[in-house]
Amino acid sequence: MAQHTDRQDDGIDIEAVNERLSAWAARSAATSDALIDRFEEMGYAVRGKSEEEIAEVLRRAPDRPAR
């Protein structure tokens, strides 16, 4: 039995999922200092940014190493 390792074969659009998750996380972070702190600890430079800017940052890999 063959095992699938390519998620696109399973009908999952990883880019679309990432887009939705980053937007959801940005909405949550816009009202949560604790979540902003956590993203900063993970290496994402999100402090002082708008919801739209946070979403854009979260679509990419962290800018710096986690603390």
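Nothing here was measured: the structure is a model prediction, and the numbers come from that model.
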**Q.** Closest approach of Ala55 to Ala26 (non-hydrogen atoms, all atoms of both residues)
**A.** N-CB, 3.5 Å

Q: Look at the side chain of Ser22 and the backbone N and O of Asn18, then say whether any donor-acceptor pair between them is shorter than 3.5 Å.
A: yes

Q.
With salt bridge (Lys or Arg N to Asp or Glu O under 4.0 Å) as the rule and sequence neighbours excluded, what pairs involving residues 20-32 come up?
A. none

Q) Could you give all pairs that pass the salt bridge (Lys or Arg N to Asp or Glu O under 4.0 Å) test and reach residues 55-64, with sequence neighbours left out? A) Glu19-Arg59, Glu40-Arg64, Glu56-Arg59, Glu56-Arg60

Q) Who else is in the cluster with Tyr44 when I, L, V, M, F, W and Y are joined by side-chain contacts under 4.5 Å? A) Leu35, Ile36, Phe39, Met42, Val46, Ile54, Val57, Leu58

Q. Got a sec, which residues hit side chain to side chain donor-acceptor pair (under 3.5 Å) with Asp37, two or more places apart in sequence or on another chain?
A. Arg47

Q: Can you sort out the partners of Glu41 under salt bridge (Lys or Arg N to Asp or Glu O under 4.0 Å), two or more places apart, ordered by chain and number?
A: Arg38

